[in-house]
Each structure stands twice: as structure tokens, then as C-alpha cells.
Amino acid sequence: DFRPHVSPADFKIVEDSKTAFEIYLKGFIAALRSNFLGLTINTTEANLSNEDVNKMLDAYDKALASLTKLAVPKSLIFIHQQELSLVMGQKKMFQMMAEYNRDPLQAILAINIGEDLEKDFATVGKEIAEFVKKNELKI
């Protein structure tokens with residue numbers, strides 16, 4: 001549930017080029033920044049409000065919609081699959097954490113999985129950084 005399989009069958013795949021790489025990476029960064037940067041959640045209360053939950057789920061939905069619309073260069077298909085799977089996993093994790101009152105064990109599992117997801121995001125981030133450096137990209 002936290003790392004769903006993402007099929008590239010629905011991707012808009014394009015030929016590799018420096019321009020395609022840069023457009024893709026800029027689009028990826030913009031999709032995350034525009035949906036999560038500046039998002040404020042009240043962390044002073046023990047439970048998330050319905051409003052905060054809805055804001056987060058909306059941000060995940062918008063980010064996923066933006067990411068799935070990106071033109072993906074052939075060399076970045078695997079990375080794109082990983083990124084989408086991780087964002088979907090984080091959304092699932094957040095949904096489970098928001099249901100703490102209904103199912104506390106599931107929420108605890110989600111919190112523990114969150115650490116693994118963060119590590120996986122860091123690994124993908126390193127792969128992207130290496131790709132950027134290797135291809136001398138400007139993003």
C-alpha cells in the first residue's frame with residue numbers, strides 16, 4: 001500500500017535530450033513546490049482537523065495530477081515511477097495517520113513507514129542529483 005506499482009503505460013514518454021531532461025526536472029520540482037510549499041497545518045493540536053487533512057490530501061492529489069501530466073524522457077522512466085510511487089505512498093501514510101482515532105495501530109504503522117519513505121525519497125534525490133551532474137543539466 002505504501003509503495004504502489006506505477007505502470008509507465010500511462011506516461012507521456014518522449015525521446016531523451018538535454019532540453020527534455022531539464023523540462024521534466026523543472027516540472028517535477030514545480031509540481032511539488034507549488035502544492036506543498038507554504039502549506040500550513042496546525043501542529044499544536046493532538047489531532048489534525050478535518051480542514052488540515054483536506055488541505056494535505058488536496059495537495060497530494062494536485063501534485064500527483066501535475067506529475068502524471070509530465071512528459072517523461074525515456075532515461076527517466078524508472079525514476080518517475082519511483083517518484084510517483086513515493087508520493088502515492090506518502091499520501092496513503094497521511095490518510096492513515098489522519099485516521100488515528102479510528103485505527104491507532106494503523107496510524108502507528110504509517111508513522112513507522114514514513115521513515116522508510118523519507119529514506120527512499122533521499123535515495124531517489126541522490127539518483128536525480130547524479131543524473132543532473134552527469135548530463136550537465138541546469139534546473
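Residues take their numbers from the sequence shown, with the count starting at 1. Every value quoted in this text rests on a predicted model; they were computed, and no experiment measured them.
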Strictly by side chain to side chain donor-acceptor pair (under 3.5 Å), give each pair with a member in residues 16-30 just once, sequence neighbours left out.
Asp16-Ser75, Tyr24-His80, Tyr24-Glu83
Give me each pair satisfying side chain to side chain donor-acceptor pair (under 3.5 Å) with a member in residues 109-118, each pair once, sequence neighbours excluded.
Gln90-Glu118
Contacts of Phe28 that satisfy ring pair (Phe, Tyr, Trp, His ring centres under 6.0 Å) - sequence neighbours left out
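Residues passing ring pair (Phe, Tyr, Trp, His ring centres under 6.0 Å) with Phe28: none at all.
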same_hphob_cluster(Leu76, Phe78) at 4.5 Å side-chain heavy-atom cutoff:
no
Are Val124 and Ile29 joined in one hydrophobic group, where the rule is that I, L, V, M, F, W and Y side chains link up if heavy atoms are under 4.5 Å apart?
yes
Please give me the minimum heavy-atom distance between [X] and [Y], naming the atom from each residue.
X      : Y      : answer
Leu25  : Ile128 : CD2-CG2, 3.8 Å
Phe2   : Ile113 : CG-CG2, 3.4 Å
Gly89  : Pro4   : N-CD, 4.3 Å
Gly114 : Met93  : CA-SD, 3.2 Å
Ala20  : Val14  : CB-CG2, 4.2 Å
Val53  : Ala98  : CG2-CB, 3.6 Å

Can you measure from [atom1] ([X]) to [atom2] ([Y]) and round to the nearest 0.5 angstrom?
X      : Y      : atom1 : atom2 : result
Leu137 : Asn135 : CG    : CG    : 5.0 Å
Leu67  : Leu86  : CG    : CG    : 11.0 Å
Leu70  : Phe11  : CG    : CZ    : 10.0 Å
Asp120 : Gln82  : CG    : CD    : 8.0 Å

Within the structure provided, determine whether Thr68 and Leu84 are in side-chain contact (heavy-atom separation under 4.5 Å).
yes
Between Arg3 and Leu117, is there a side-chain heavy-atom distance shorter than 4.5 Å?
yes
Only distances under 3.5 Å count here; give the side-chain donor-acceptor pairs of residues 56-65 to other protein atoms, sequence neighbours excluded, each with its distance to 0.1 Å.
{"from": "Asp58", "atom 1": "OD2", "to": "Lys62", "atom 2": "NZ", "distance (Å)": "3.2"}
{"from": "Asp61", "atom 1": "OD1", "to": "Lys91", "atom 2": "NZ", "distance (Å)": "2.4"}

Please tabulate, for side-chain N and O atoms in residues 30-38, each donor-acceptor pair with protein atoms closer than 3.5 Å (sequence neighbours left out).
{"from": "Ser34", "atom 1": "OG", "to": "Ala30", "atom 2": "O", "distance (Å)": "2.8"}
{"from": "Asn35", "atom 1": "ND2", "to": "Ala31", "atom 2": "O", "distance (Å)": "2.6"}

Could you name each residue pair satisfying ring pair (Phe, Tyr, Trp, His ring centres under 6.0 Å) that touches residues 116-139, not counting sequence neighbours?
Phe21-Phe131
